[in-house]
Amino acid sequence: MSGKPRLTYLNGRGRMESIRWLLAAAGVEFEEVYLETKEQYDKLIKDGFLLFQQVPLVEIDGMKMVQTRAIMSYIAGKYNLYGKDLKERALIDMYVEGISDLMQMILVFPFSPPDAKEKNLESIKERATNRYFPVFEKVLKQHGQDFLVGNKFSWADVQLIEAILAVEEKVPDVLSGFPQLQVFKTKMSNIPTIKKFLQPGSPRKPPPDAHYVETVLKVFKK
Amino acid sequence: MVEMDGMRMVQTRAILSYIAAKYNLYGKDLKERALIDMYVGGTDDLMGFILMFPFLSAEDKEKQRALIVEKATSRYFPVYEKVLKDHGQDFLVGNNFSWADVHLLEAILMVEEKKSDVLLGFPQLQAFKARISSIPTIKKFLEPGSQRKPVPDDKYVETVRRVLRMYYNIKAN
């Protein structure tokens with residue numbers, strides 16, 4: 001028993017990627033178990049590992065944690081990435097939830113039918129550019145600090161840099177009207193733990209491809 | 001949007017977390033918080049199936065009703081039934097009233113509105129429902145004249161569509 005958190009999910013981004021980002025940003029090493037077959041998944045359920053029969057599953061500090069938000073809140077709280085008081089927590093939660101709505105669009109994108117992909121891509125671009133990025137551009141501009149909340153690195157910053165990079169993979173010039181976010185992206189990318197996570201060989205997973213989609217459908221087939 | 005303590009808060013989960021923490025409904029430490037967050041995540045997913053219900057076509061509504069009952073009785077209620085049975089305490093987490101209890105009661109009542117006998121087979125949850133419903137603040141909220149809102153009707157649906165310009169059809173799960 002290594003004492004490191006153990007992540008169980010498919011070998012791909014999905015809902016686990018934000019958790020990988022947060023652990024990595026906090027400098028926490030973790031182990032991973034990859035679901036490749038339906039039988040593995042069914043066994044996890046049968047053995048009572050998955051509270052609501054769903055993954056992500058993170059085994060950490062003697063708990064078998066499920067529910068992505070619960071897991072990330074716990075990690076953020078444990079590693080001091082959740083602000084200094086209730087109000088900073090509230091801001092971080094608001095920012096993270098907003099970004100998570102955008103990430104949800106990216107999450108489901110690979111599973112949309114081919115004739116809907118172009119429309120969905122346009123939606124992602126529209127939401128990022130008109131609803132979400134302007135908010136964070138403004139936050140950074142108004143306080144002039146390096147980090148979103150409380151002049152200190154937090155979960156909100158990790159979630160935002162992840163989202164920026166994920167959207168850029170789909171819309172390469174998406175930051176062109178957002179100078180603050182461009183600076184933010186550079187700064188966050190140079191934080192040592194994040195820099196390490198962005199290098200090849202890290203636990204960071206590549207964008208979902210056809211094989212990933214196929215594995216998801218196979219493992220979770222009813 | 002909730003204006004409180006000088007903030008204009010948005011994002012339902014952020015607002016609820018703030019309220020829970022402020023009013024000591026979030027457990028005594030990080031691990032109790034984690035449990036509460038997990039339980040609330042589950043009831044939130046369950047209530048998510050109900051949230052979209054009024055906006056479905058009549059045909060999809062019947063399918064969704066069946067799905068709600070199926071998820072409630074096979075995935076979610078058994079979890080809370082077991083939690084209560086295993087520790088034998090009145091509340092879900094830490095032997096103390098918390099956000100998780102409030103959220104579960106709300107979920108139970110909402111599912112019952114879709115199938116009134118859905119708690120058959122869940123004796124712990126039946127007792128839980130009775131117990132939590134008689135907590136004075138909750139009892140008051142369940143009485144007529146409180147700020148609790150009724151089940152969504154056609155007028156509500158029409159208003160949502162108009163205000164949020166949501167004229168597209170929601171697809172069932």
Side-chain angles (χ1 to χ4, degrees), chain A residues 5 15 45 48 50-54 56-83 85-102 104 108 112-113 116 119 123 131-132 135 149 155-156 159 222, chain B residues 1-27 29-46 48 67 70-72 74-83 86 92-93 99-100 103 107 168 171 173:
Chain A
R15 293 193 186 282
I45 292 173
L50 306 179
L51 190 65
F52 300 113
Q53 303 156 31
Q54 296 165 320
L57 166 68
V58 174
E59 294 166 85
I60 180 170
D61 298 339
M63 298 182 289
K64 284 186 177 68
M65 286 201 74
V66 296
Q67 291 286 328
T68 312
R69 257 186 213 93
I71 294 164
M72 288 203 281
S73 286
Y74 181 76
I75 294 166
K78 183 177 178 184
Y79 295 102
N80 292 312
L81 293 169
Y82 222 158
D85 57 29
L86 226 52
K87 284 200 172 180
E88 284 193 356
R89 238 196 114 108
L91 269 179
I92 291 167
D93 277 340
M94 274 196 275
Y95 295 162
V96 160
E97 288 291 306
I99 298 164
S100 151
D101 286 347
L102 176 59
Q104 175 72 14
V108 302
S112 49
K119 181 170 73 89
S123 292
R131 179 173 287 190
Y132 297 106
V135 170
V149 179
W155 175 18
Q159 191 63 85
K222 295 213 197 316
Chain B
M1 193 261 283
V2 174
E3 293 165 280
M4 73 188 290
D5 299 341
M7 297 182 289
R8 252 189 208 117
M9 288 199 72
V10 297
Q11 292 292 339
T12 312
R13 192 65 71 91
I15 297 164
L16 285 168
S17 288
Y18 181 77
I19 294 167
K22 183 178 177 186
Y23 295 102
N24 292 312
L25 295 169
Y26 223 159
D29 56 30
L30 225 53
K31 283 198 170 181
E32 285 194 356
R33 238 197 115 109
L35 268 179
I36 291 166
D37 278 340
M38 275 195 280
Y39 295 160
V40 161
T43 39
D44 200 49
D45 285 347
L46 177 56
L67 180 74
E70 194 257 324
K71 292 273 168 179
S74 66
R75 179 172 287 191
Y76 295 104
F77 287 174
V79 171
Y80 304 103
E81 180 79 7
K82 182 172 195 274
V83 166
D86 283 352
L92 285 170
V93 179
W99 175 19
H103 216 245
Y168 49 86
K171 295 214 169 38
N173 287 104

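So that the names make sense, note that chain A is the first sequence line, chain B the second, and so on, each numbered from 1.
- For Met94(A), the parts lying near chain B are the backbone and the side chain together; criterion is any non-hydrogen pair under 4.5 Å.
- For Thr68(A), the side-chain contact (heavy atoms from CB on, under 4.5 Å) criterion is met by Arg15(A), Ile19(A), Pro56(A), Met72(A), not counting sequence neighbours.
- Val40(B) is not listed as a side-chain neighbour of Arg69(A), based on a closest heavy-atom distance of 4.5 Å or more.
- In this structure, Val79(B) and Leu51(A) approach most closely via the heavy-atom pair CG2-O, 3.1 Å.
- The contact between Gln67(A) and chain B is made entirely by side chain atoms (from C-beta outward), counting heavy-atom distances below 4.5 Å.
- Of the possible polar contacts, none joining the Lys87(A) side chain to the Gly6(B) backbone as a donor-acceptor pair under 3.5 Å is found.
- Heavy-atom neighbours of Lys82(B) NZ from other residues, nucleotides or ligands within 6.0 Å: at or below the threshold of 12.
- With a 4.5 Å cut-off on non-hydrogen atoms, Met7(B) touches chain A through its side chain but not through its backbone.
- Contact between Leu86(A) and Ala21(B) at its shortest, heavy atoms only, is CD1-CB, 3.4 Å.
- Listed here is the closest heavy atom pair of Ala34(B) and Ala70(A): O-CB, 4.2 Å.
- The ring pair (Phe, Tyr, Trp, His ring centres under 6.0 Å) check on Tyr76(B) picks up Phe52(A), with sequence neighbours excluded.
- Looking at Asp61(A), both its backbone and its side chain come within 4.5 Å of chain B, counting heavy atoms on both sides.
- Within the 4.5 Å cutoff, the side chain of Gln11(B) has no heavy atoms near those of the Asp93(A) side chain.
- Rounded to the nearest 0.5 Å, atoms NZ (Lys64(A)) and CE (Met38(B)) are 11.0 Å apart.
- Contact check for Gln54(A) versus Asp45(B): side-chain heavy atoms found under the 4.5 Å cut-off.
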